[in-house]
Amino acid sequence: MKQGVSSTGHHEESAEQRDYVKGLVLAFVLTVASFSVVWFKLLTGPAALILLGILALVQCAAQIRYFLHVDGRSHRDDLLLILFTSLIVLIIVGGTIWILWNQHARMM
Amino acid sequence: MKLYQRLHPGVNLGPTDPESHEEAEEKIFGFWIFLMSDLVLFSVLFATYAAMSIQGVAQGPSPKDIFDLSPVFLETMVLLASSFTFGLAILELKYRKNQRRLALWLTLTGLLGALFVGLELNDYRILLAEHGAAPQTSGFLSAYYLLTGTHALHVSVAIIWLIVLAVQLATLGPVGPVKLRLMRLALFWHMLDIIWIGIFTFVYLYGVVL
(Lines give C-alpha, C1' and ligand atoms only; values in the text may rest on other atoms or scores of the structure.)
Protein backbone atom coordinates (compact mmCIF):
# COMPACT_ATOMS: atom_id res chain seq x y z
CA MET A 1 0.00 0.00 0.00
CA LYS A 2 1.34 3.44 -0.87
CA GLN A 3 2.12 6.18 1.60
CA GLY A 4 -0.98 6.76 3.68
CA VAL A 5 -3.44 5.82 0.95
CA SER A 6 -6.20 3.71 2.46
CA SER A 7 -7.82 0.84 0.62
CA THR A 8 -10.91 2.96 -0.05
CA GLY A 9 -8.58 5.62 -1.46
CA HIS A 10 -7.02 3.04 -3.71
CA HIS A 11 -10.44 1.91 -4.86
CA GLU A 12 -11.41 5.51 -5.61
CA GLU A 13 -8.18 6.02 -7.51
CA SER A 14 -8.79 3.14 -9.90
CA ALA A 15 -12.37 4.37 -10.36
CA GLU A 16 -11.07 7.81 -11.29
CA GLN A 17 -8.50 6.32 -13.64
CA ARG A 18 -11.25 4.31 -15.31
CA ASP A 19 -13.21 7.54 -15.79
CA TYR A 20 -10.34 9.10 -17.74
CA VAL A 21 -9.91 5.96 -19.84
CA LYS A 22 -13.65 5.86 -20.55
CA GLY A 23 -13.51 9.53 -21.57
CA LEU A 24 -10.56 8.91 -23.86
CA VAL A 25 -12.13 5.87 -25.55
CA LEU A 26 -15.52 7.56 -25.99
CA ALA A 27 -13.95 10.74 -27.39
CA PHE A 28 -11.76 8.70 -29.74
CA VAL A 29 -14.66 6.60 -31.06
CA LEU A 30 -16.93 9.63 -31.51
CA THR A 31 -14.20 11.62 -33.28
CA VAL A 32 -13.45 8.74 -35.67
CA ALA A 33 -17.21 8.39 -36.30
CA SER A 34 -17.52 12.10 -37.13
CA PHE A 35 -14.61 12.09 -39.55
CA SER A 36 -15.75 8.78 -41.14
CA VAL A 37 -19.14 10.27 -41.96
CA VAL A 38 -17.38 12.94 -44.03
CA TRP A 39 -14.44 10.93 -45.37
CA PHE A 40 -16.47 7.95 -46.57
CA LYS A 41 -19.50 10.09 -47.46
CA LEU A 42 -21.78 7.87 -45.33
CA LEU A 43 -24.30 10.69 -45.38
CA THR A 44 -24.56 13.94 -47.30
CA GLY A 45 -26.50 17.18 -47.04
CA PRO A 46 -28.68 18.06 -44.04
CA ALA A 47 -28.68 14.48 -42.70
CA ALA A 48 -24.87 14.60 -42.38
CA LEU A 49 -25.04 17.98 -40.63
CA ILE A 50 -27.58 16.72 -38.13
CA LEU A 51 -25.62 13.54 -37.38
CA LEU A 52 -22.34 15.49 -37.00
CA GLY A 53 -24.07 17.94 -34.66
CA ILE A 54 -25.39 15.08 -32.51
CA LEU A 55 -21.97 13.35 -32.43
CA ALA A 56 -20.32 16.62 -31.31
CA LEU A 57 -22.95 17.12 -28.61
CA VAL A 58 -22.51 13.58 -27.30
CA GLN A 59 -18.74 13.99 -27.28
CA CYS A 60 -19.02 17.28 -25.38
CA ALA A 61 -21.25 15.57 -22.83
CA ALA A 62 -18.82 12.63 -22.52
CA GLN A 63 -15.82 14.92 -21.99
CA ILE A 64 -17.68 17.09 -19.49
CA ARG A 65 -18.69 13.97 -17.58
CA TYR A 66 -15.41 12.05 -17.66
CA PHE A 67 -12.70 14.73 -17.93
CA LEU A 68 -14.30 17.63 -16.08
CA HIS A 69 -16.17 15.32 -13.68
CA VAL A 70 -19.37 17.31 -13.80
CA ASP A 71 -22.17 14.98 -12.73
CA GLY A 72 -25.13 14.69 -10.39
CA ARG A 73 -22.83 14.53 -7.36
CA SER A 74 -21.42 17.99 -8.05
CA HIS A 75 -22.25 21.03 -6.02
CA ARG A 76 -25.57 22.70 -6.84
CA ASP A 77 -24.07 26.15 -7.43
CA ASP A 78 -21.65 24.82 -10.01
CA LEU A 79 -24.40 22.98 -11.87
CA LEU A 80 -26.59 26.09 -11.90
CA LEU A 81 -23.66 28.14 -13.23
CA ILE A 82 -23.02 25.66 -16.04
CA LEU A 83 -26.70 25.36 -16.97
CA PHE A 84 -27.18 29.13 -16.93
CA THR A 85 -24.14 29.59 -19.19
CA SER A 86 -25.48 26.96 -21.58
CA LEU A 87 -28.69 28.99 -21.80
CA ILE A 88 -26.74 32.20 -22.53
CA VAL A 89 -24.67 30.40 -25.18
CA LEU A 90 -27.82 29.03 -26.81
CA ILE A 91 -29.43 32.47 -26.93
CA ILE A 92 -26.31 34.16 -28.32
CA VAL A 93 -25.57 31.54 -30.99
CA GLY A 94 -29.20 30.85 -31.92
CA GLY A 95 -30.11 34.55 -31.93
CA THR A 96 -27.11 35.61 -34.01
CA ILE A 97 -27.62 32.92 -36.64
CA TRP A 98 -31.37 33.59 -36.82
CA ILE A 99 -31.03 37.37 -37.19
CA LEU A 100 -28.11 37.33 -39.63
CA TRP A 101 -29.70 34.67 -41.84
CA ASN A 102 -32.91 36.64 -41.97
CA GLN A 103 -31.04 39.78 -42.87
CA HIS A 104 -29.05 37.91 -45.51
CA ALA A 105 -32.24 36.49 -47.05
CA ARG A 106 -33.80 39.96 -47.26
CA MET A 107 -30.74 41.45 -48.93
CA MET A 108 -30.68 38.90 -51.74
CA MET B 1 -21.39 16.16 6.36
CA LYS B 2 -17.72 17.12 6.66
CA LEU B 3 -16.52 19.95 4.46
CA TYR B 4 -14.08 17.77 2.55
CA GLN B 5 -16.94 15.52 1.51
CA ARG B 6 -18.70 18.31 -0.38
CA LEU B 7 -17.84 17.79 -4.02
CA HIS B 8 -17.04 20.32 -6.71
CA PRO B 9 -16.66 19.71 -10.46
CA GLY B 10 -13.21 18.48 -11.43
CA VAL B 11 -10.98 16.12 -9.51
CA ASN B 12 -11.68 16.42 -5.77
CA LEU B 13 -8.74 16.12 -3.38
CA GLY B 14 -11.15 14.88 -0.69
CA PRO B 15 -9.63 12.92 2.18
CA THR B 16 -6.17 12.81 0.52
CA ASP B 17 -5.76 16.50 1.46
CA PRO B 18 -8.82 17.76 3.41
CA GLU B 19 -7.29 21.17 4.10
CA SER B 20 -6.67 21.99 0.43
CA HIS B 21 -10.04 20.49 -0.49
CA GLU B 22 -11.84 22.98 1.74
CA GLU B 23 -9.90 25.79 0.15
CA ALA B 24 -10.59 24.38 -3.31
CA GLU B 25 -14.35 24.75 -3.00
CA GLU B 26 -14.28 28.54 -3.29
CA LYS B 27 -11.32 28.81 -5.65
CA ILE B 28 -12.56 26.20 -8.10
CA PHE B 29 -16.01 27.81 -8.14
CA GLY B 30 -14.43 31.16 -8.95
CA PHE B 31 -12.44 29.54 -11.72
CA TRP B 32 -15.59 27.95 -13.14
CA ILE B 33 -17.10 31.44 -13.42
CA PHE B 34 -14.07 32.46 -15.49
CA LEU B 35 -14.31 29.28 -17.60
CA MET B 36 -17.96 29.91 -18.35
CA SER B 37 -17.34 33.54 -19.34
CA ASP B 38 -14.59 32.27 -21.63
CA LEU B 39 -17.10 29.85 -23.11
CA VAL B 40 -19.45 32.78 -23.80
CA LEU B 41 -16.57 34.55 -25.60
CA PHE B 42 -16.06 31.51 -27.81
CA SER B 43 -19.79 31.17 -28.47
CA VAL B 44 -19.81 34.72 -29.87
CA LEU B 45 -16.91 33.83 -32.19
CA PHE B 46 -18.72 30.63 -33.24
CA ALA B 47 -21.90 32.58 -33.99
CA THR B 48 -19.97 35.10 -36.08
CA TYR B 49 -18.25 32.29 -37.94
CA ALA B 50 -21.54 30.47 -38.59
CA ALA B 51 -22.95 33.53 -40.33
CA MET B 52 -19.73 34.54 -42.10
CA SER B 53 -18.73 31.12 -43.45
CA ILE B 54 -21.87 31.04 -45.62
CA GLN B 55 -22.64 34.68 -46.28
CA GLY B 56 -19.20 36.26 -46.10
CA VAL B 57 -17.25 34.30 -48.71
CA ALA B 58 -17.21 37.31 -51.10
CA GLN B 59 -14.77 36.72 -54.00
CA GLY B 60 -12.51 34.54 -51.86
CA PRO B 61 -12.39 30.76 -51.54
CA SER B 62 -15.19 28.87 -49.75
CA PRO B 63 -14.53 26.53 -46.80
CA LYS B 64 -14.75 23.51 -49.10
CA ASP B 65 -11.94 24.80 -51.34
CA ILE B 66 -9.33 25.23 -48.64
CA PHE B 67 -9.95 22.83 -45.73
CA ASP B 68 -7.88 19.66 -45.51
CA LEU B 69 -9.26 17.21 -42.94
CA SER B 70 -6.17 15.01 -42.36
CA PRO B 71 -4.18 17.54 -40.30
CA VAL B 72 -7.37 18.46 -38.45
CA PHE B 73 -7.89 14.82 -37.48
CA LEU B 74 -4.29 14.65 -36.24
CA GLU B 75 -4.71 17.88 -34.25
CA THR B 76 -7.88 16.49 -32.66
CA MET B 77 -6.09 13.31 -31.57
CA VAL B 78 -3.10 15.22 -30.20
CA LEU B 79 -5.28 17.56 -28.15
CA LEU B 80 -7.42 14.67 -26.88
CA ALA B 81 -4.30 12.76 -25.82
CA SER B 82 -2.98 15.84 -24.00
CA SER B 83 -6.28 16.18 -22.13
CA PHE B 84 -5.96 12.54 -21.05
CA THR B 85 -2.32 12.87 -19.91
CA PHE B 86 -3.22 15.99 -17.91
CA GLY B 87 -5.94 13.95 -16.18
CA LEU B 88 -3.37 11.29 -15.27
CA ALA B 89 -1.03 14.01 -13.99
CA ILE B 90 -3.75 15.30 -11.66
CA LEU B 91 -4.42 11.79 -10.33
CA GLU B 92 -0.67 11.38 -9.76
CA LEU B 93 -0.72 14.68 -7.87
CA LYS B 94 -3.71 13.63 -5.81
CA TYR B 95 -2.70 10.15 -4.72
CA ARG B 96 1.09 10.02 -4.65
CA LYS B 97 4.10 12.06 -3.92
CA ASN B 98 5.96 10.59 -6.91
CA GLN B 99 7.33 13.79 -8.40
CA ARG B 100 9.06 12.10 -11.32
CA ARG B 101 5.92 10.47 -12.73
CA LEU B 102 4.02 13.73 -12.26
CA ALA B 103 6.76 15.61 -14.09
CA LEU B 104 6.64 13.02 -16.88
CA TRP B 105 2.87 13.38 -17.44
CA LEU B 106 3.06 17.17 -17.30
CA THR B 107 5.95 17.28 -19.76
CA LEU B 108 4.08 14.98 -22.12
CA THR B 109 0.99 17.21 -21.82
CA GLY B 110 3.03 20.31 -22.58
CA LEU B 111 4.74 18.71 -25.58
CA LEU B 112 1.42 17.50 -27.03
CA GLY B 113 0.01 20.99 -26.53
CA ALA B 114 3.01 22.51 -28.33
CA LEU B 115 2.66 19.97 -31.15
CA PHE B 116 -1.00 20.97 -31.51
CA VAL B 117 -0.13 24.67 -31.81
CA GLY B 118 2.66 23.81 -34.25
CA LEU B 119 0.28 21.82 -36.47
CA GLU B 120 -2.20 24.69 -36.46
CA LEU B 121 0.48 27.20 -37.43
CA ASN B 122 1.46 24.86 -40.26
CA ASP B 123 -2.20 24.86 -41.40
CA TYR B 124 -2.12 28.66 -41.49
CA ARG B 125 1.13 28.56 -43.46
CA ILE B 126 -0.43 26.24 -46.07
CA LEU B 127 -3.56 28.41 -46.28
CA LEU B 128 -1.50 31.53 -46.84
CA ALA B 129 1.11 30.05 -49.17
CA GLU B 130 -0.92 27.67 -51.32
CA HIS B 131 -4.41 29.14 -51.29
CA GLY B 132 -3.67 32.83 -50.78
CA ALA B 133 -6.28 32.71 -48.03
CA ALA B 134 -5.31 35.64 -45.81
CA PRO B 135 -7.54 36.99 -43.01
CA GLN B 136 -8.32 40.12 -45.04
CA THR B 137 -9.52 38.15 -48.10
CA SER B 138 -13.10 37.75 -46.92
CA GLY B 139 -15.39 37.88 -43.89
CA PHE B 140 -15.35 34.10 -43.77
CA LEU B 141 -11.56 33.99 -43.49
CA SER B 142 -11.46 36.81 -40.92
CA ALA B 143 -13.91 34.89 -38.76
CA TYR B 144 -12.00 31.63 -39.32
CA TYR B 145 -8.63 33.04 -38.26
CA LEU B 146 -10.22 34.86 -35.33
CA LEU B 147 -11.96 31.73 -33.98
CA THR B 148 -9.15 29.21 -34.49
CA GLY B 149 -6.50 31.81 -33.60
CA THR B 150 -8.21 32.63 -30.30
CA HIS B 151 -8.26 28.91 -29.51
CA ALA B 152 -4.58 28.48 -30.45
CA LEU B 153 -3.73 31.52 -28.33
CA HIS B 154 -5.56 29.97 -25.39
CA VAL B 155 -3.59 26.74 -25.79
CA SER B 156 -0.31 28.70 -26.05
CA VAL B 157 -1.09 30.64 -22.88
CA ALA B 158 -1.99 27.37 -21.16
CA ILE B 159 1.43 25.95 -22.11
CA ILE B 160 3.22 28.98 -20.61
CA TRP B 161 1.01 28.62 -17.53
CA LEU B 162 1.99 24.92 -17.36
CA ILE B 163 5.70 25.79 -17.50
CA VAL B 164 5.28 28.32 -14.69
CA LEU B 165 3.50 25.73 -12.54
CA ALA B 166 6.15 23.11 -13.35
CA VAL B 167 8.78 25.51 -12.04
CA GLN B 168 6.69 26.05 -8.90
CA LEU B 169 6.37 22.29 -8.47
CA ALA B 170 10.13 21.88 -8.77
CA THR B 171 10.95 24.66 -6.32
CA LEU B 172 8.04 24.62 -3.84
CA GLY B 173 7.07 20.96 -4.17
CA PRO B 174 3.45 19.72 -4.34
CA VAL B 175 2.13 22.00 -1.59
CA GLY B 176 -1.57 22.95 -1.28
CA PRO B 177 -1.61 26.19 -3.30
CA VAL B 178 0.41 24.66 -6.16
CA LYS B 179 -1.94 21.66 -6.22
CA LEU B 180 -4.96 23.95 -6.49
CA ARG B 181 -3.31 25.95 -9.30
CA LEU B 182 -2.60 22.79 -11.26
CA MET B 183 -6.17 21.62 -10.76
CA ARG B 184 -7.47 24.89 -12.16
CA LEU B 185 -5.14 24.70 -15.15
CA ALA B 186 -6.38 21.13 -15.76
CA LEU B 187 -9.98 22.40 -15.90
CA PHE B 188 -8.89 25.10 -18.38
CA TRP B 189 -7.09 22.50 -20.51
CA HIS B 190 -10.07 20.11 -20.62
CA MET B 191 -12.29 23.05 -21.48
CA LEU B 192 -10.09 23.96 -24.48
CA ASP B 193 -10.40 20.37 -25.68
CA ILE B 194 -14.19 20.66 -25.51
CA ILE B 195 -14.14 23.92 -27.49
CA TRP B 196 -12.01 22.15 -30.11
CA ILE B 197 -14.83 19.60 -30.58
CA GLY B 198 -16.97 22.55 -31.68
CA ILE B 199 -14.22 23.81 -34.01
CA PHE B 200 -13.49 20.52 -35.78
CA THR B 201 -17.20 19.80 -36.18
CA PHE B 202 -18.75 23.17 -37.01
CA VAL B 203 -15.78 24.73 -38.82
CA TYR B 204 -13.98 21.91 -40.60
CA LEU B 205 -16.46 19.03 -41.03
CA TYR B 206 -19.46 21.31 -41.68
CA GLY B 207 -17.29 23.34 -44.05
CA VAL B 208 -16.46 20.28 -46.15
CA VAL B 209 -20.00 18.81 -46.10
CA LEU B 210 -21.81 22.05 -46.99
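Lettering follows sequence order; numbering is per chain, from 1.
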I need the [X] [atom1] to [Y] [atom2] distance, nearest 0.5 Å.
| X | Y | atom1 | atom2 | result |
| --- | --- | --- | --- | --- |
| A:S86 | B:L39 | OG | CG | 7.5 Å |
| A:Q59 | B:D193 | CD | CG | 7.5 Å |
| B:L205 | A:L51 | CG | CG | 10.5 Å |

Among [options], which residue forms the greatest number of heavy-atom pairs with chain B at distances under 4.5 Å?
| options | value |
| --- | --- |
| A:L57, A:L43, A:I82, A:L90 | A:I82 |
| A:A48, A:G94, A:S34, A:P46 | A:S34 |
| A:V38, A:T96, A:V37, A:L30 | A:V38 |
| A:L55, A:V93, A:I88 | A:V93 |

For [X], is it the side chain, the backbone, both, or neither that has a heavy atom closer than 4.5 Å to a heavy atom of chain A?
| X | result |
| --- | --- |
| B:V208 | side chain |
| B:I33 | both |
| B:S70 | both |

Check: Passes side chain to side chain contact (heavy atoms under 4.5 Å, CB included), A:T44 versus B:V209? Steps please.
Finding: CA-CA 7 Å; A:T44 46; B:V209 168; 5.9 Å; no
[X] versus chain B, heavy atoms under 4.5 Å apart: side chain, backbone, both or neither?
| X | value |
| --- | --- |
| A:I97 | side chain |
| A:I64 | both |
| A:V21 | both |
| A:A56 | both |
| A:I99 | neither |

Which donor-acceptor pairs under 3.5 Å do the side chains of residues 138-145 of chain B make with protein atoms, sequence neighbours left out?
from: B:S138; atom 1: OG; to: B:L141; atom 2: N; distance (Å): 3.3
from: B:S142; atom 1: OG; to: B:P135; atom 2: O; distance (Å): 2.7
from: B:S142; atom 1: OG; to: B:S138; atom 2: O; distance (Å): 3.0
from: B:Y144; atom 1: OH; to: B:Y204; atom 2: OH; distance (Å): 2.7
from: B:Y145; atom 1: OH; to: B:A133; atom 2: O; distance (Å): 2.6

Partner chain A: residue of [options] with the largest heavy-atom pair count (under 4.5 Å):
| options | result |
| --- | --- |
| B:T201, B:T48, B:L91 | B:L91 |
| B:F200, B:F202, B:F46, B:F42 | B:F200 |
| B:I54, B:I195, B:L88 | B:I54 |

Next item on the list: Could you go through the ring-ring contact (aromatic ring centres under 6.0 Å, His included) check for B:F73 and A:W39 one step at a time?
Entry: CA-CA 11 Å; B:F73 183 71; A:W39 265 330; 5.4 Å; yes
[Y] side chain reached by [X] side chain, heavy atoms, under 4.5 Å:
| X | Y | value |
| --- | --- | --- |
| B:W32 | A:V70 | yes |
| B:M36 | A:F84 | no |
| B:M52 | A:L100 | no |
| A:L68 | B:I194 | yes |

Item checked: Cationic N near anionic O, under 4.0 Å, B:K94 to A:E16 -> yes
Margin query: To check you understand the geometry: which heavy-atom pair defines the closest contact between A:I92 and B:A47, and what is its length?
Written below: O-CB, 4.3 Å
Margin query: B:L210 vs A:L49, test: side chain to side chain contact (heavy atoms under 4.5 Å, CB included). Steps then yes/no.
Written below: CA-CA 8 Å; B:L210 275 170; A:L49 298 185; 3.7 Å; yes
Check: Is it true that A:F67 and B:F86 have ring centroids separated by less than 6.0 Å?
Finding: no
Notebook entry, point to check: Do other residues, nucleotides or ligands put more than 12 heavy atoms under 6.0 Å from B:Y124 OH?
Noted result: yes
